[in-house]
**Q** 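Below you will find the structure I want to go over with you.
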Amino acid sequence: GINAEYGQSYASLTTASINLLHSARIIDQTLHTRRALGMAIASQYFGVFIVPESYNDTWLVVGIKNILFLLFMKKIFGNNECRFWVYQQMMRVYKAECEQLLPPLHLKDKSQSYPLTSGNNAQIFHMDPMLTPPHILELMELKSMLVMRIVENRLGNKELIQNVIKKLLSLAWINPSGESSSINALLSTQDFLKTIQVVSGKDLSDFMSRYVYQPGFCTLNFSFAFNRKRNVADVTIRQKTLHDCEKYVGQLTVLVQELDGSFSNLLQVEKTDVLQELNCQSKSRRNKKKKIPLFTGEEVDIDLSHSDQDSPVIWLRVDPEMLWLSKTSIEMPDYMWQAMLLHERDVVYQHMAAEVLPNFPSQATINTLSTVLLDEKCYYQVRKQALHSLAKCISISGDPTVNEEVLINLYRKLYGSVDNEKFTRMNDFSDFPLYFIQQEFMRAIGQIKDHADYTTPRIVQFLYQQLYYNDNQRNEYDDSSMIVAIIDGLTHTVPHKVDYKMEQVLKHVKQVLPKIVCYLNIDKKMPSYQQIISAACLRFISKLIQYGHIMDNLKDSSIFSAHLKRGQSFHVRCTAIQLLALFIKNESSERDLNTILSLIEFDQSPFIRCHAAQQLYKLPLFTKHQDCFLNNLHLVERLWRLLNEHQDFNLRCCLAQLYYTLYGRTTPTCVPTNNCAVVIDLKGQTARTNVPGIPSSFRFSSKFDDDRKYSSDDSSSSRKKKKHKPMS
């Protein structure tokens with residue numbers, strides 16, 4: 001169904017977590033709740049009513065469920081939000097693939113296993129619900145959604161996939177005899193391919209062998225050079241797959257924005273580097289001024305004074321519909337990225353342009369990002385990325401006149417008081433895009449650093465003023481998320497080291513600490529929504545402890561352990577677990593490690609138990625064969641016992657992943673393997689051993705004595721029977 005921490009879907013019923021509930025004054029949770037409920041409704045059709053024939057076919061049911069969810073999301077949130085969400089999930093899968101190879105969506109091998117790594121210590125993935133770690137299962141669901149979008153495009157018409165879904169539902173509802181059938185509610189990959197062939201007449205066997213039966217994710221490096229004599233663009237495509245997987249082969253769509261419009265081209269991608277030509281449909285204009293038509297039909301004025309006057313190409317877009325499982329990088333000059341950010345209507349490539357522009361720090365880049373940030377018609381996610389990119393440009397710029405005042409002045413233009421821009425006006429969150437951008441302002445300003453990676457005292461003073469003078473009296477919406485954003489910005493200002501340059505900054509940061517503690521105490525008496533303010537305060541204190549800015553007598557993890565207890569909100573408990581795991585990694589605290597292990601063993605919430613185990617393997621205490629006093633026989637035995645005793649298979653999968661992260665598939669170094677012996681004296685009923693952790697000499701238990709007695713009785717009776725046995 002929906003995310004495990006939110007609930008589970010059943011036939012015409014969804015049990016949802018109370019964490020989805022919110023009042024009309026809460027803005028941020030509204031988006032998450034609607035997405036979760038939309039996914040729950042889709043799960044009732046594909047996931048409950050129609051189920052996979054085997055666990056190997058789970059990708060299919062999950063993928064169709066996500067197609068229905070995307071239709072819901074496009075209807076409720078709009079096309080831009082839907083496309084940007086797909087782009088986010090694709091980048092999330094890419095980052096996960098960079099860290100670890102994901103298994104294929106469908107295993108054709110009868111053993112139903114796949115090695116994720118190579119060598120004797122390889123991690124083996126088993127296609128079984130009891131053996132799949134939750135984080136891998138979640139990533140495979142996202143990849144199933146991306147693959148199903150490609151299937152939708154391969155059919156040629158988006159209505160065809162809806163016809164396929166209707167066909168599957170009708171077959172599951174009524175069988176040929178007219179009665180309800182549960183057999184047809186089982187969906188397999190082969191049945192799905194047959195249904196597609198019946199409805200559309202297309203064979204997807206080649207597609208399945210590459211995207212479903214094989215793992216992998218690729219990166220496409222795209223570069224071009226304009227040939228003015230032939231009026232063509234010489235394009236070079238370099239494909240690189242992660243973990244040496246099989247490369248993709250097929251057609252790639254390239255949209256070229258030229259002076260006379262946007263033109264689509266199809267390039268054939270092979271397993272080797274591709275060098276092809278793109279014929280330009282426009283000719284260069286040196287002195288003529290004319291509005292340029294975009295692919296939406298809109299005509300705009302574009303400043304081409306800094307561009308190549310002989311080239312009609314303004315910018316390029318590669319795979320605009322995101323139909324390749326790839327991360328695309330395009331080599332273009334800065335003026336093309338700037339033009340794309342200002343005038344492109346595809347929010348995905350606008351966001352990509354905002355991400356790339358910090359690589360070209362200049363005054364023109366800063367002006368472009370500032371223009372987009374102040375543009376009310378621009379998509380709010382693009383404006384948020386432009387804000388963070390602007391902070392990066394300020395940080396890496398060598399110009400002393402370009403400093404934090406650039407961003408502070410932009411903030412005052414948007415949120416300053418009418419009478420005096422130096423003062424922030426009272427909170428008014430009726431404009432939701434401005435509300436989300438105001439939050440990102442606080443976080444982005446805190447990330448501004450100088451050339452030596454230092455924060456200036458001016459930034460700390462500005463953020464502290466925003467926290468001190470925050471006024472929400474006349475606002476109809478809750479301001480807890482805004483306070484969290486300000487505290488997060490202050491957390492970014494904590495210096496990672498102290499020298500004579502940073503003493504003034506650290507002095508201002510420590511002056512903020514009493515205010516943070518005050519908010520932490522107030523949140524206990526008058527809790528914010530899900531106590532998110534407490535979680536932000538804990539992150540600030542954790543950063544001070546991590547960088548050694550708190551005295552040794554106060555450098556204790558008890559503040560995190562206190563927020564692990566029941567009675568705290570789910571969000572606070574998860575944050576405390578994460579910060580405590582970070583403290584254990586940095587300080588090698590055995591007491592805090594036992595605290596988290598006890599939480600895994602005895603806590604009543606299954607989600608808290610799984611979250612605690614996940615944080616331990618995401619922030620491992622040590623690596624394989626590393627000398628650490630936490631790497632001892634007691635930890636091995638405790639993990640092994642938890643792994644074999646718990647009935648929750650999700651928790652067992654998390655513990656198995658933790659065990660593999662710490663020790664791999666080999667015997668832990670702390671477990672004695674050589675020169676270990678046990679000498680047993682049956683007559684004296686004693687034994688001696690040199691195994692660590694076991695007394696050097698001990699007696700057998702009474703149970704062993706009874707077993708030995710029964711054994712001796714059986715042997716004596718057998719001897720008697722053998723004695724009286726007549727000879728043949």
Side-chain angles (χ1 to χ4, degrees), residues 80 82-99 102 142-143 145-147 149-150 152-154 210-211 215-226 233-243 245-258 262-278 295 313-341 343-360 379 381-382 385-386 389:
N80 287 344
C82 181
R83 280 181 56 84
F84 185 74
W85 184 81
V86 172
Y87 172 72
Q88 284 182 316
Q89 307 314 312
M90 181 174 288
M91 292 300 100
R92 183 180 172 187
V93 175
Y94 168 74
K95 291 179 181 178
E97 286 271 10
C98 291
E99 297 176 358
L102 294 180
L142 294 178
K143 193 171 182 179
M145 179 266 295
L146 299 174
V147 170
R149 285 186 70 252
I150 304 176
E152 181 182 12
N153 180 266
R154 289 292 180 98
R210 180 62 194 91
Y211 285 89
F217 209 94
C218 73
T219 58
L220 294 176
N221 297 321
F222 194 92
S223 60
F224 75 98
F226 179 71
D234 296 327
V235 176
T236 303
I237 303 177
R238 295 181 177 87
Q239 181 183 175
K240 180 181 179 182
T241 56
L242 303 177
H243 308 286
C245 296
E246 184 180 352
K247 293 185 177 182
Y248 291 91
V249 176
Q251 290 185 335
L252 180 67
T253 303
V254 178
L255 279 176
V256 183
Q257 179 61 52
E258 301 181 18
S262 181
F263 302 96
S264 178
N265 300 270
L266 290 178
L267 299 182
Q268 183 67 28
V269 178
E270 304 294 342
K271 294 184 178 181
T272 58
D273 294 347
V274 177
L275 179 61
Q276 297 188 18
E277 294 181 352
L278 291 180
F295 79 101
V313 179
I314 304 177
W315 67 74
L316 297 175
R317 288 191 295 148
V318 180
D319 189 25
E321 296 298 327
M322 296 175 288
L323 300 177
W324 282 56
L325 295 182
S326 65
K327 183 182 185 301
T328 305
S329 61
I330 308 175
E331 296 180 11
M332 291 193 303
D334 56 348
Y335 59 84
M336 288 189 176
W337 290 112
Q338 294 166 9
M340 179 186 290
L341 178 59
H343 304 289
E344 179 58 57
R345 297 298 179 257
D346 185 352
V347 296
V348 172
Y349 267 86
Q350 272 190 298
H351 190 276
M352 188 182 300
E355 285 181 319
V356 173
L357 277 177
N359 298 329
F360 308 96
Y379 180 52
Q381 293 284 6
V382 176
Q385 181 58 46
S389 298

**Q** Less than 4.5 Å apart, any side-chain heavy atom of Pro215 and any of Leu102?
**A**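 No, every pair of side-chain atoms sits at 4.5 Å or beyond.
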
**Q** Roughly how far apart are Lys327 NZ and Asn221 CG, rounded to 0.5 Å?
**A**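 That separation rounds to 8.5 Å.
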
**Q** Would a distance-only check, ignoring hydrogens and angles, find a side-chain to backbone donor-acceptor pair under 3.5 Å from Ser223 to Glu331?
**A** no

**Q** Which is it for Trp315 and Ile330 under the side chain to side chain contact (heavy atoms under 4.5 Å, CB included) test, yes or no, and what are the steps along the way?
**A** CA-CA 10 Å; Trp315 67 74; Ile330 308 175; over 6 Å; no

**Q** Is there a side-chain contact between Gln268 and Val249 (heavy atoms, below 4.5 Å)?
**A** yes

**Q** Looking at CG of Leu142 and CE of Met90, how far apart are the two atoms once the value is rounded to the nearest 0.5 Å?
**A** 11.0 Å

**Q** Indicate the atoms forming the closest heavy-atom contact of Gln239 with Asp273, along with that distance.
**A**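 What the structure gives for the nearest pair is N-OD1, 4.3 Å.
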
**Q** Taking it one step at a time, do Val269 and Lys247 satisfy side chain to side chain contact (heavy atoms under 4.5 Å, CB included)?
**A** CA-CA 10 Å; Val269 178; Lys247 293 185 177 182; over 6 Å; no

**Q** Would you indicate whether the side-chain heavy atoms of Thr253 and Asp319 approach each other to under 4.5 Å?
**A**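 No, too far: nothing below the 4.5 Å cut-off.
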
**Q** Ring of Tyr248, cation from Arg210 - is the NZ or CZ under 6.0 Å from the centre and inside 45° of the axis?
**A**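 Pair Arg210/Tyr248 counts as cation-pi.
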
**Q** I need the Asn153 CG to Glu321 CD distance, nearest 0.5 Å.
**A** 7.5 Å

**Q** Do Phe224 and Met332 have side chains that get closer than 4.5 Å, going by heavy atoms?
**A** yes

**Q** Do any N or O atoms from the side chain of Arg149 and from the backbone of Met322 form a donor-acceptor pair under 3.5 angstrom?
**A**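 At least one qualifying donor-acceptor pair exists.
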
**Q** Return the minimal non-hydrogen interatomic distance between Leu252 and Ile237, and the atom names on each side.
**A** CD2-CD1, 4.1 Å

**Q** Is the ring pair Phe217/Tyr94 parallel, tilted or perpendicular, if the boundaries are 30 and 60 degrees?
**A**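 Aromatic pair Phe217/Tyr94 classed tilted.
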
**Q** Indicate yes or no for a side-chain donor-acceptor contact from Asn265 to the backbone of Leu278 under 3.5 Å, with no hydrogens or angles considered.
**A**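 Not a single qualifying donor-acceptor pair exists.
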
**Q** I'd like to check Leu255 versus Pro320 (side-chain heavy atoms, cut-off strictly below 4.5 Å). Are they in contact?
**A** yes

**Q** What's the spacing between His343 NE2 and Ile314 CD1 if we round to 0.5 Å?
**A**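 Those atoms lie 8.5 Å apart.
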
**Q** Any side-chain heavy atom of Val235 sitting closer than 4.5 Å to one from Val254?
**A**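 Side chain of Val235 against side chain of Val254, heavy atoms only: no contact under 4.5 Å found.
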
**Q** Evaluate the criterion side chain to side chain contact (heavy atoms under 4.5 Å, CB included) for residue pair Gln338 and Leu357; output intermediate values, then yes/no.
**A** CA-CA 7 Å; Gln338 294 166 9; Leu357 277 177; 3.8 Å; yes

**Q** Taking C-beta and beyond as the side chain, do Gln381 and Val347 meet within less than 4.5 Å on heavy atoms?
**A** no

**Q** Rounded to the nearest 0.5 Å, what separation is found between the CZ atom of Arg238 and the SG atom of Cys218?
**A** 15.0 Å

**Q** Specify the closest pair of heavy atoms between Cys245 and Gly216, including all atoms of both residues, with the distance to one decimal.
**A** SG-CA, 3.8 Å

**Q** Between OG1 of Thr328 and CZ of Phe222, what distance do you get to the nearest 0.5 Å?
**A**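 Reported to 0.5 Å precision, the distance equals 9.5 Å.
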
**Q** Mark yes or no for whether Thr219, through its side chain, and Lys240, through its backbone, hold a donor-acceptor pair below 3.5 Å.
**A**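 Yes: the side chain of Thr219 pairs with the backbone of Lys240.
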
**Q** With a 4.5 Å cut-off on side-chain heavy atoms, are Arg317 and Gln257 touching?
**A**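 SC-SC contact between Gln257 and Arg317 ruled out.
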
**Q** Classify the ring geometry of Tyr379 against Phe84: parallel below 30°, tilted from 30° to 60°, perpendicular beyond 60°.
**A**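 The arrangement is perpendicular - the two ring planes meet at more than 60°.
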
**Q** Would you sort out whether Leu220 and Ser326 count as a side chain to side chain contact (heavy atoms under 4.5 Å, CB included), showing the intermediate values?
**A** CA-CA 7 Å; Leu220 294 176; Ser326 65; 3.8 Å; yes

**Q** Donor-acceptor pair, distance only, cut-off 3.5 Å: does the side chain of Tyr87 make one with the backbone of Tyr349?
**A**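 Not at all, since once roles are kept as given, no pair shorter than 3.5 Å links the two residues.
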
